[in-house]
Amino acid sequence: MPPFAPSARSKVEPFIAMEVLADAVRREAEGHRVIRMEVGQPGAPAPTPVIAAAHAAITGKLGYTEALGIRPLRLAIAEHYARTYRVSVDPDRIAITAGSSGAFSLAFLAAFDVGARVAVPTPGYPAYRNLLGALGLEAVAIETTAETRWTLTPAMIEKVHAEKPLAGVLVASPANPTGTMYSAESLRSLSEVCDDLGLRFISDEIYHGLVFAGTEATALAFSDNAIVVNSFSKYYCMTGWRIGWMVLPEALVKPVDRLAQNLYLSNNEISQKAAVAAFDPRSLAYLDGVKASYAVNRAHLLQELPAIGFDDLLPVDGAFYVYASVRRFSNDSVDFTRRMLLEAGVAATPGPDFDSRRGSGYMRFSFAGSEADIVEAVQRIGGWLRRG
Ligand SMILES: Cc1ncc(COP(=O)(O)O)c(C=O)c1O
C-alpha cells in the first residue's frame, strides 16, 4: 500500500440510502417537494417525558458515566424485560450503547477474533457486513427466499458451517428491509442450533414494539449465550439521541466494559437520563399511538402498491418497511429510484444496499412518516408510472 493511503479495512461499501437522502435534501433545497421514504426513522418526535427529562438533565452537572451506563437506565431496561417478555434479566448484564450501532462494534470485538466468520441473512441491514469487514471479520451472506419467508433456518446454518466453520450468526427480527419476523419457535430453534454448534447467536431486536402480525420473542428467553441488541431509535422515536443497549452473556460483560472504557469512556449522559423516561406509562401510551399510525400507513401501502403495479411485496410482519419488487418496471432499481425521486418527488432506497446480487430488482419504502405523506406518495408514484 502506498504511504499515507487510507487503510484497506476502511474501504467499506457506502450506504446508498444515505446517498439518496443527500439527493433528496438537494432537491428540497432547490425548492421541490419530496416525500421522504428513504430513511428508516420515525417522523414523530420523542415522547414528552423524554424531552422533559433531557431538559432537567441539561440544567444539572453532566459528566462521564460508568462505561456500561447509568444504573437507573439499566434497571429500567431490566424491568422492561420482566414486564414485556416475562424474562428476568440481571441489570449487570445490560450495557448502554450509542444506538444499536454502538452495540454492534462492541459485540463483534468482544465475541470474535480476527478472521472469524459470521453468518448474516441477505437481504439484510448493510452495516452488519460492512462493520464486520472493517473489524477484520468475515460476513458470510446466506441468501434467503420466499420459501422460508426470508428467514434463516437451522438447516442453512448447519450446511454453511459444515462447508467452512462459522463463529457466529446474526439475525434481526423483525428484519430490515424484509419486515419478516421469526416466530418464537423459529427463534428458539435458531438459538439452539447455534448453542449446539458452539456459535455465538446475536439477535438484533431493534424493531421490537413495531410488530403488526404475531408477537415478538426475545432470544434471551432461549439461551444465556445469546447477545441481544436493541435501541431507543425505532419504537421509541429517538434516532437522534443515539442511545441503545445490549444484553450480554455474563462472560462478555467485563470484556465489553473494558472495550467501552477504552473506545469512548462513556455514553452521553443527557440521552441516558432521558431514556429512562421512555418507559414512563405516558411515553408508552404516546408511542403506541405512533405505532397505530404506522399500522394505517402499512395497510394503505399493502392495498395500494399492488393496485399501481407493485404486485410482489414481501410480508411486513413488523418494522416500518415495504420491500417491493420493481422488476415489472425495471431491472435497475438504482436508476428507477433516481428517476422516481426526480420525476415523482418520492425518495426510496434501492435494493442493492440490502442484497448485492438480487437487489437491483427491489426497492424499499419506509412508512414511518405521516399518513398524509404516504397517501400522497402512492398517488404520485401511480401517476408517474401511468405517464410512463
Ligand atoms: C436492523 C437494524 N439494526 C440496527 C440499526 C441501527 O440503528 P441505531 O444505531 O439507530 O440503533 C438499524 C437502523 O436502521 C437497523 O435497521
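Only this structure's heavy atoms are used, side chains among them; waters, hydrogens and symmetry mates stay out. Remember, it's 1-based here, ligands and their atoms both numbered in the order they're listed.
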Q: To check your reading of the model: name the closest protein heavy atom to atom 9 (O) of ligand 1, its residue, and the distance in Å.
A: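 Going atom by atom, the protein heavy atom closest to atom 9 (O) of ligand 1 ends up being Ser101 OG, 2.5 Å.
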
Q: Between the side chain of Arg93 and the main-chain N/O of Leu248, is any donor-acceptor distance below 3.5 Å?
A: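 Yes, the answer is positive, given that a donor and an acceptor are paired below the 3.5 Å cut-off.
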
Q: Check whether any side-chain heavy atom of Asp92 sits under 4.5 Å from a side-chain heavy atom of Arg71, and report yes or no.
A: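 They are in contact (side-chain heavy atoms under 4.5 Å apart), so the answer is yes.
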
Q: When the aromatic ring centroids of Tyr125 and Tyr207 are compared, is their separation below 6.0 Å?
A: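 No, ring centres 6.0 Å or more apart.
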
Q: At the 4.0 Å heavy-atom cut-off, does Asp204 count as touching ligand 1?
A: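 So Asp204 counts as touching ligand 1.
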
Q: Could you check, using the six-membered ring where one of them is a Trp, whether Phe222 and Phe201 have ring centers closer than 6.0 angstrom?
A: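 No, ring centres 6.0 Å or more apart.
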
Q: Which residue and atom name correspond to the protein heavy atom nearest atom 14 (O) of ligand 1, and how close is it?
A: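 Protein heavy atom with the smallest distance to atom 14 (O) of ligand 1: Lys234 NZ, 2.7 Å.
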
Q: Compare Thr97, Leu170, Val171, Ile206 and give the one whose heavy atom is closest to atom 7 (O) of ligand 1.
A: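 Among Thr97, Leu170, Val171, Ile206, the closest heavy atom to atom 7 (O) of ligand 1 comes from Ile206.
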
Q: Name the closest protein heavy atom to atom 6 (C) of ligand 1, giving the residue it belongs to and the distance to 0.1 Å.
A: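 Going by distance alone, atom 6 (C) of ligand 1 is nearest to Ser100 OG, 3.2 Å.
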
Q: Starting from atom 10 (O) of ligand 1, what is the nearest protein heavy atom, named by residue and atom, and what distance separates them?
A: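 Nearest neighbour among protein heavy atoms for atom 10 (O) of ligand 1, to 0.1 Å: Ser233 OG, 2.7 Å.
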
Q: Is the side chain of Glu216 donor-acceptor paired with the backbone N or O of Ser173 at a distance under 3.5 Å, no angle test?
A: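 No, the answer is negative, given that no donor and acceptor are paired below the 3.5 Å cut-off.
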
Q: Looking at ligand 1, would Phe232 count as a contact under a 4.0 Å heavy-atom criterion?
A: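 Not so, Phe232 does not reach ligand 1.
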
Q: Measure from the side-chain N and O atoms of Asn297 to the backbone N and O of Gly369, and report whether any donor-acceptor pair falls under 3.5 Å.
A: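 Such a contact is found between Asn297 side chain and Gly369 backbone.
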
Q: Are the charged groups of Asp317 and Arg149 less than 4.0 angstrom apart, N to O?
A: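 Here Asp317 pairs with Arg149 in a salt bridge, since their nearest N and O are under 4.0 Å apart.
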
Q: Counting both backbone and side chain atoms, is some N or O of Asn176 under 3.5 Å from an N or O of ligand 1?
A: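 Yes: some nitrogen or oxygen of Asn176 is under 3.5 Å from one in ligand 1.
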
Q: Indicate, as side chain, backbone, both or neither, the part of Trp241 found under 4.0 angstrom from ligand 1 when only non-hydrogen atoms are considered.
A: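 Trp241 to ligand 1: no contact under 4.0 Å from either part.
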
Q: Have a look at ligand 1 and work out which part of Tyr207, if any, has a heavy atom under 4.0 Å from it: side chain, backbone, both or neither.
A: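 Within the 4.0 Å criterion, Tyr207 contacts ligand 1 through side-chain atoms alone.
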
Q: So is Arg242 touching ligand 1 or not, going by heavy atoms under 4.0 Å?
A: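 A heavy atom of Arg242 does come that close to ligand 1.
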
Q: Can you check whether Thr122's main-chain N or O pairs, donor with acceptor, with Arg358's side chain at less than 3.5 Å?
A: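 Between the backbone of Thr122 and the side chain of Arg358 there is a qualifying donor-acceptor contact (under 3.5 Å).
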
Q: So if I count the atoms of ligand 1 from 1 in the order they appear, which ones are less than 4.0 Å from some heavy atom of Gly99?
A: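 It comes down to these atoms of ligand 1: 9 (O), 11 (O).
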
